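Remember, it's a predicted structure, so these values are computed and weren't measured experimentally.
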Amino acid sequence: MKIFLIFTAILFILGCSTLAFNKSADVQKIENVVYKKIDGQSLGGDMYIPNIAGNKPAVVVVHGGGWTNRSGKMEGISAKLARAGFVVYNITYRLAPESRHPAQMNDVSDALAWLYQHADKYEIDSSNISGWGYSAGAHLILMAGLDRQDAPQLRSIVAGGTPADLTRWPNSPLVLKLIGEPMAKAKAEWVDASPVNHVTKNSPPVFLYHGQWDTLVEPEQMALMADALRQKDIPVETYTVNFLGHILTYAMAGSAERRGIEFVRAHKASK
């Protein structure tokens with residue numbers, strides 16, 4: 001098992017290196033664009049703007065890392081989305097355990113609002129903003145986007161390796177760091193922090209992808225999220241990445257990312 005974990009970590013590092021953003025004349029990258037200052041932190045992200053005339057659809061990208069770190073910087077998918085014609089805002093947020101739920105969700109929500117308010121500056125079609133996240137980032141973009149009351153109403157969400165029902169892990173140290181209380185003492189908070197409980201009849205369409213061999217966030221979580229969406233008649237597609245676990249699905253799931261990009265493109269608002 002130890003050898004396997006070491007090998008997986010090496011592959012993860014190599015996979016991330018192959019996903020590094022390759023600057024080109026087709027995409028402008030603006031680093032450290034701040035959307036919010038709070039708790040002594042400047043929260044922001046990198047903006048990727050394709051060199052295409054006119055207003056463009058946008059995607060807010062949210063990283064994973066168990067809510068406690070930024071283990072995946074999402075640079076690869078941000079670059080792919082930008083090359084596909086989307087303005088991309090690859091954001092950061094406050095981390096646990098220093099900041100507890102709902103701080104992370106509120107940060108993502110505020111980033112969405114900030115991008116909407118600054119749509120003209122970055123040549124964004126404000127009616128065409130979507131979200132994309134992996135792992136903890138998938139959890140957060142779903143939490144911020146499924147039952148959103150304020151603008152923007154997301155056109156679609158792509159969520160990979162999603163922790164959809166946190167109550168399925170009552171002994172999880174990561175969820176404990178996020179919530180701040182064990183489920184035995186704060187079940188209502190654990191339930192409220194689970195995306196499966198935030199689907200409404202107005203939720204946006206969702207594309208879910210998950211590694212077949214994911215032992216960190218079991219594939220059952222994708223099924224739970226999909227069932228919650230179908231119960232409200234929300235369009236949902238699922239995609240299983242064969243023979244990969246949680247980390248390698250992040251690093252190497254090119255087929256899922258291509259399907260996700262097509263999903264976002266298909267759900268743009270028509271003009």
Side-chain angles (χ1 to χ4, degrees), residues 12-38 41-65 69-95 104 107-138 140-141 144-145 152 154-160 250-254 256-265 268:
F12 172 60
I13 294 169
L14 291 174
C16 288
S17 67
T18 63
L19 291 175
F21 175 56
N22 182 23
K23 294 182 179 179
S24 71
D26 295 328
V27 176
Q28 177 189 13
K29 182 179 179 183
I30 307 173
E31 297 182 344
N32 301 318
V33 179
V34 174
Y35 68 86
K36 176 179 179 179
K37 293 184 178 181
I38 189 170
Q41 301 180 54
S42 293
L43 300 176
D46 296 338
M47 194 82 69
Y48 298 71
I49 305 174
N51 185 21
I52 300 172
N55 289 342
K56 296 163 276 293
V59 180
V60 172
V61 172
V62 189
H63 70 82
N69 65 81
R70 194 183 186 191
S71 61
K73 293 186 177 182
M74 304 294 280
E75 292 177 336
I77 186 57
S78 295
K80 290 177 183 178
L81 283 162
R83 288 195 293 266
F86 297 90
V87 176
V88 179
Y89 192 28
N90 181 14
I91 66 166
T92 60
Y93 50 85
R94 284 173 289 175
L95 300 174
Q104 296 79 13
D107 292 344
V108 174
S109 181
D110 288 344
L112 290 168
W114 182 92
L115 192 67
Y116 178 82
Q117 293 160 7
H118 294 80
D120 290 345
K121 178 177 180 179
Y122 297 102
E123 298 185 332
I124 292 169
D125 176 359
S126 62
S127 68
N128 269 312
I129 298 177
S130 295
W132 190 304
Y134 190 79
S135 193
L140 294 173
I141 194 63
L154 298 186
R155 295 300 307 173
S156 63
I157 296 174
V158 177
Y250 163 76
M252 301 173 62
E257 292 176 345
R258 287 190 292 273
R259 290 279 292 271
I261 291 171
E262 288 305 313
F263 186 88
V264 176
R265 181 180 283 124
K268 291 189 302 180

Taking ring pair (Phe, Tyr, Trp, His ring centres under 6.0 Å) as the test, write out the residues that go with Phe263, two or more places apart.
Phe207, His267

Any donor-acceptor pair under 3.5 Å linking the side chain of Asp125 with the backbone of Lys56?
no

Side chains of Gln28 and Asn51: does their closest heavy-atom pair fall under 4.5 Å?
no

Pairwise distance CD1(Ile30) to CD1(Ile49) - rounded to 0.5 angstrom:
4.0 Å

Does the Tyr122 side chain pair with the main chain of Val88, one donor and one acceptor, at a distance under 3.5 Å?
no

Qualifying residues under ring pair (Phe, Tyr, Trp, His ring centres under 6.0 Å), relative to Phe86, sequence neighbours excluded:
none

Is any side-chain heavy atom of Val60 less than 4.5 Å from a side-chain heavy atom of Tyr116?
no

Just so I know, are the side chains of Tyr93 and His63 near enough to count as touching, which here means a heavy-atom distance under 4.5 Å?
yes

Nearest 0.5 Å please: distance from the CD1 atom of Ile52 over to the CG atom of Asp26.
8.5 Å

Looking only at heavy atoms, what is the nearest atom pair of Ala82 and Pro50, with distance?
O-CB, 3.3 Å

Can you check whether Pro57's main-chain N or O pairs, donor with acceptor, with Arg155's side chain at less than 3.5 Å?
no

What residues, two or more places apart in sequence or in another chain, satisfy side chain to side chain donor-acceptor pair (under 3.5 Å) together with Gln117?
none

On a heavy-atom basis, which atom in Ser71 and which in Gly65 lie closest, and how many Å separate them?
OG-CA, 3.3 Å

Passing option when Val62 is tested against Asp107, Asn90, Thr92, Ile141 for side-chain contact (heavy atoms from CB on, under 4.5 Å):
Ile141

OH-CD distance between Tyr48 and Glu75, expressed to the nearest 0.5 angstrom:
5.0 Å

Indicate yes or no: at least one non-hydrogen side-chain atom of Ile129 is less than 4.5 angstrom from one of Leu154.
yes

Please give me the minimum heavy-atom distance between Lys29 and Asp46, naming the atom from each residue.
CE-OD2, 3.6 Å

Counting C-beta onward and ignoring hydrogens, is there a side-chain heavy-atom pair between Tyr134 and Met74 closer than 4.5 Å?
yes

Considering all heavy atoms, the nearest Arg70-Ile91 contact
NH2-O, 4.2 Å

Taking every heavy atom of Val108 against every heavy atom of Ala144, the minimum-distance pair comes out as CG1-CB, 3.8 Å

Indicate yes or no: does Arg259 engage Glu262 in a salt bridge with an N to O separation below 4.0 Å.
no

Which atoms form the tightest heavy-atom contact between Leu115 and Ala58, and what is the distance?
CD2-CB, 4.0 Å

Distance col, row Leu140:CG vs Ser135:OG, nearest 0.5 angstrom, shows 9.5 Å

Side chain of Tyr89, backbone of Leu112: donor and acceptor closer than 3.5 Å?
no

Say you draw a straight line from CD1 of Ile77 to CH2 of Trp132; how long is it, rounded to the nearest 0.5 Å?
3.5 Å

